[in-house]
2 protein chains.
Amino acid sequence: MLKYSGQTRMLVAVDCIIFGFDGDSYKLLLVQRGIAPEKRKWSLMGGFVQPNENLDEGAIRILKDLTGLDDVYMEQLHTFGNPKRDPVERTIAVAYFALINIQKYEKSLSKEYNAEWFPLQAMPELIFDHGDMVEKAKHRLRYKASLHPLLFELLPEKFTLPQVHALYEGLYETIFDKRNFNRKLLSTNLFIKQNEKDKESSKKGAYFYQLDRSKYSSNLQAFLKFIPNPEEYLLS
Amino acid sequence: MLKYSGQTRMLVAVDCIIFGFDGDSYKLLLVQRGIAPEKRKWSLMGGFVQPNENLDEGAIRILKDLTGLDDVYMEQLHTFGNPKRDPVERTIAVAYFALINIQKYEKSLSKEYNAEWFPLQAMPELIFDHGDMVEKAKHRLRYKASLHPLLFELLPEKFTLPQVHALYEGLYETIFDKRNFNRKLLSTNLFIKQNEKDKESSKKGAYFYQLDRSKYSSNLQAFLKFIPNPEEYLLS
DNA sequence: CCAAAAGTGTTCTAGTTACACCCATGA
DNA sequence: TCATGGGTGTAACTAGAACACTTTTGG
């Protein structure tokens, strides 16, 4: 069949905003760009969409390439199409954000990309409009996590309530009353208490919990209202 | 500067899901496709992204072309990139959804596109993956409207509480208690009561209200919780 | 024995729900 | 005068917020 005539074809890239959490603060996985322009500057991991793949597949491929992981929480964030965003040539960028368990990340795989985790609070300047992408991803993550239980993707299989507490306090950069917070958390029935305790971070030790994956996936879309007064944090 | 080598360039299109509300039911503005393939089948209004415009500008241009309107609520919905979605050639489609006041729509402008409003409940089959786009837009609209006051974009400047009531009942296909609903609505202080009444739809007449635009824009992102038990409607 | 972190309950308040009758008017 | 749709109030309940002490144990 004939092609559409008289139209401009463009490159289409996928860029991934990859979040991690080390128990203390949020991190982003960045790579050092290997090609000109802006060679050696920090950048999101990305790549061009290939002829035979759809966008989700492209994002999965790129993430797997970098981290070795392939069952990762990932969703399409937004598409950026400013004509000048890439000075080389017109490129449309479909941004995805991913939440990964930082412990599973295999450093060896990413040697060739010069990948590094940076604290969200202390990121280097990024190329092109990647800074905007990160801003948008942070905002989306805050928004979504206030209603849906997705931050657990950042934690290991077994985690403690104080860890979850730190996870939420870190994202919203505020303090939540631990009694109210834990009560709300447990009232969802998404968590199964284990017998072991984590003795790493205290003498008394904190009980491990695991997600009830069956309930978790069916409740992903449910409203949880983990965050008191969400409007304070989600404005703009 | 050199181009990126060895990569495939693609067409990028913008498609608009245009919602209206006629006081009774939700409508979509569709056009009859003028070019092969699928000529004369119903389709979303769309067009290719031009070399000098970004995606939002493309969407605004396309909407203006069709409706004559240019200050319209519109947001980027999702980008669709299945390699087979357009049988002619690889085309990435960035979908936008728009909410327009159906009364402002100028039929004359759209003659050349054979545009028509269809009830959301009784739509013709659409070309390509446009049906998926509409599904996603419906879902997003329900989701977002449960938390943010954006449905008012579908109403005229002056509207009555029964109209708003119908607007929400229509979207969620359910019934809301009018006493509770009106109380919640008015408690936001987003509405200014007018002195005139709308006598069109009842003998007694219903008071007109207007949006307090100053508060409206600053509260767009605020949580309103108009919808009791949102999880019932927003699953999946 | 003590420092450090984990765990736990109650009271108050505000918001949400359920529910039914009167009002104004044009025909 | 009556049919139609518009408008309003209250009581019961539920969810959220505020708040402080006890427990465990390794060093």
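A note on names: the letters A, B, ... follow the listed sequences, proteins ahead of strands, and every chain is numbered from 1.
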Residues that B:Arg61 engages under salt bridge (charged side-chain N to carboxylate O under 4.0 Å, His left out), provided they are two or more places apart: B:Glu53
Applying ring pair (Phe, Tyr, Trp, His ring centres under 6.0 Å) between A:His165 and each of A:Phe181, A:Phe176, A:Tyr209, report the one that passes. A:Phe181
Nucleotide D:dG7, atom P - distance to CD of B:Gln163 in whole Å: 11 Å
What is the distance, rounded to the nearest whole Å, between atom OH of A:Tyr209 and atom C1' of C:dA6? 10 Å
Over how many whole Å does the gap from A:Asn182 atom CG to C:dA5 atom P extend? 16 Å
d(NZ, A:Lys184; P, D:dT14) in whole Å: 18 Å
How would you list, by chain and number, every residue that makes a side-chain hydrogen bond (donor to acceptor under 3.5 Å, both in side chains) with A:Tyr113, sequence neighbours excluded? A:Asp65
Run the side-chain donor-acceptor check on residues 155-163 of chain A: report pairs under 3.5 Å with partners two or more places apart or on a different chain.
| from | atom 1 | to | atom 2 | distance (Å) |
| --- | --- | --- | --- | --- |
| A:Lys158 | NZ | A:Glu196 | OE1 | 3.2 |
| A:Thr160 | OG1 | A:Gln163 | N | 3.2 |
| A:Gln163 | OE1 | A:Thr160 | N | 3.3 |

Tell me: CZ of A:Phe181 to C1' of C:dT8, nearest whole Å? 16 Å
Mind checking salt bridge (charged side-chain N to carboxylate O under 4.0 Å, His left out) for A:Arg183 and listing every partner two or more places apart, or none if nothing turns up? none
The criterion is salt bridge (charged side-chain N to carboxylate O under 4.0 Å, His left out); which residues satisfy it with B:Asp177, sequence neighbours excluded? B:Arg179
Across the strands shown, which category fits A:Thr160 at heavy-atom distances under 4.0 angstrom: base, sugar-phosphate, nothing? nothing
What string of B, S and - do you get for nucleotides 19-26 of chain D, 5' to 3', if B is base contact, S is sugar-phosphate-only contact and - is no contact with any protein heavy atom under 4.0 Å? BB--BBBB
Between B:Phe176 (CZ) and C:dA18 (P), how many Å, whole number? 12 Å
d(CG, A:Leu161; C1', C:dT8) in whole Å: 12 Å
Given atom CZ of A:Phe208 and atom C1' of C:dG7, what is their separation to the nearest angstrom? 16 Å
